[in-house]
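Below is one structure, written out as structure tokens; comments come after it.
In this chain, residues are counted from 1 in sequence order. Bear in mind the structure is a predicted one, so any value in this text is a computation, not a measurement.
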Amino acid sequence: MRHRNSGKRLGRNTSHRKAMLRNMVTSLLEHEKITTTDARAKELRPLTEKLITLAKRGDLHARRLATEVIRDRKTVAKLFERIAPRYADRPGGYTRIIKLGHRLGDNAALSLIALVEEAVTPKAKQKAPKAAPVKKTAPAPVAAPVVEEPVAEMPAATVVESTVVEVPAEGEQKDA
């Protein structure tokens with residue numbers, strides 16, 4: 001069972017998979033877009049995004065960490081000097097995966113993974129909506145006080161006794 005094991009195996013052992021992903025990251029950063037299968041593109045994206053975030057730091061330690069993954073010095077230089085400054089204001093999402101259809105030979109789903117070109121426009125932070133201001137209305141004009149007239153007492157009403165008549169339900173006979 002593969003409990004708590006993240007990532008796909010891609011039909012390879014560990015060393016082959018790591019080497020393949022390193023080569024794909026190097027190619028992606030060198031050419032800025034590559035065509036591959038969907039599964040490989042989805043596994044490649046987090047590795048690429050971490051390297052670009054690392055390059056945004058720009059210090060020597062970050063460069064050495066990037067060199068552990070990307071073995072080509074020219075590609076590392078391109079990452080730190082040209083690619084990272086392009087994404088300085090972007091908080092993430094440096095790559096885009098576009099589905100291309102299926103390969104003719106084996107019907108594998110193909111994708112194009114590319115670095116995002118357009119600049120990010122940071123959204124303005126939305127303030128909490130203010131409650132609508134309560135409009136103060138002019139006080140209602142005060143009418144002249146109403147003087148109540150004394151009500152004359154009415155004569156006591158005569159109480160009439162009411163009689164209750166029971167109506168028999170259907171099917172019942174009334175005892176007389």
*Do other residues, nucleotides or ligands put more than 12 heavy atoms under 6.0 Å from Arg9 CZ?*
no
_Are there over 12 heavy-atom neighbours, none belonging to Arg64, within less than 6.0 Å of that residue's CZ?_
no
How long is the gap from [atom1] on [X] to [atom2] on [Y], to the nearest 0.5 Å?
X	Y	atom1	atom2	result
Glu43	Thr36	CD	OG1	11.0 Å
Ser27	Leu44	OG	CG	9.0 Å
Leu110	Arg103	CG	CZ	5.5 Å
Ile34	Thr48	CD1	OG1	7.5 Å
Asn13	Arg17	CG	CZ	7.5 Å
Met24	Arg40	CE	CZ	6.0 Å

*Closest non-hydrogen atom pair between Ile52 and Tyr87, with its separation*: CG2-CD1, 3.9 Å
*asked:* Restricting to non-hydrogen atoms, name the atom on Leu54 and the atom on Ala66 that form the minimum distance, rounded to 0.1 Å.
replied: CD2-N, 3.8 Å
*Between Leu28 and Ile98, is there a shared hydrophobic cluster once you connect ILVMFWY residues whose side-chain heavy atoms come closer than 4.5 Å?*
no
*asked:* Hydrophobic clusters here meaning ILVMFWY residues chained together by side-chain heavy-atom distances under 4.5 Å, can you tell me if Ile113 and Leu10 are in one?
replied: yes
*Considering the options Lys50, Arg45, Lys56, which one meets the side-chain hydrogen bond (donor to acceptor under 3.5 Å, both in side chains) requirement together with Tyr94?*
Lys56
Do the side chains of [X] and [Y] get close enough for a salt bridge, i.e. N-O under 4.0 angstrom?
X	Y	answer
Asp59	Arg57	yes
Lys33	Glu117	no
Arg82	Glu32	no
Arg90	Glu49	no

*Any donor and acceptor pair, going by atom type alone, linking the side chain of Lys78 with main-chain N or O of Glu30 inside 3.5 Å?*
yes
*Can you find a heavy atom in the side chain of Thr26 that is under 4.5 Å from one in the side chain of Arg71?*
no
_Heavy-atom side-chain contact between Leu115 and Thr95 under 4.5 Å_ = yes
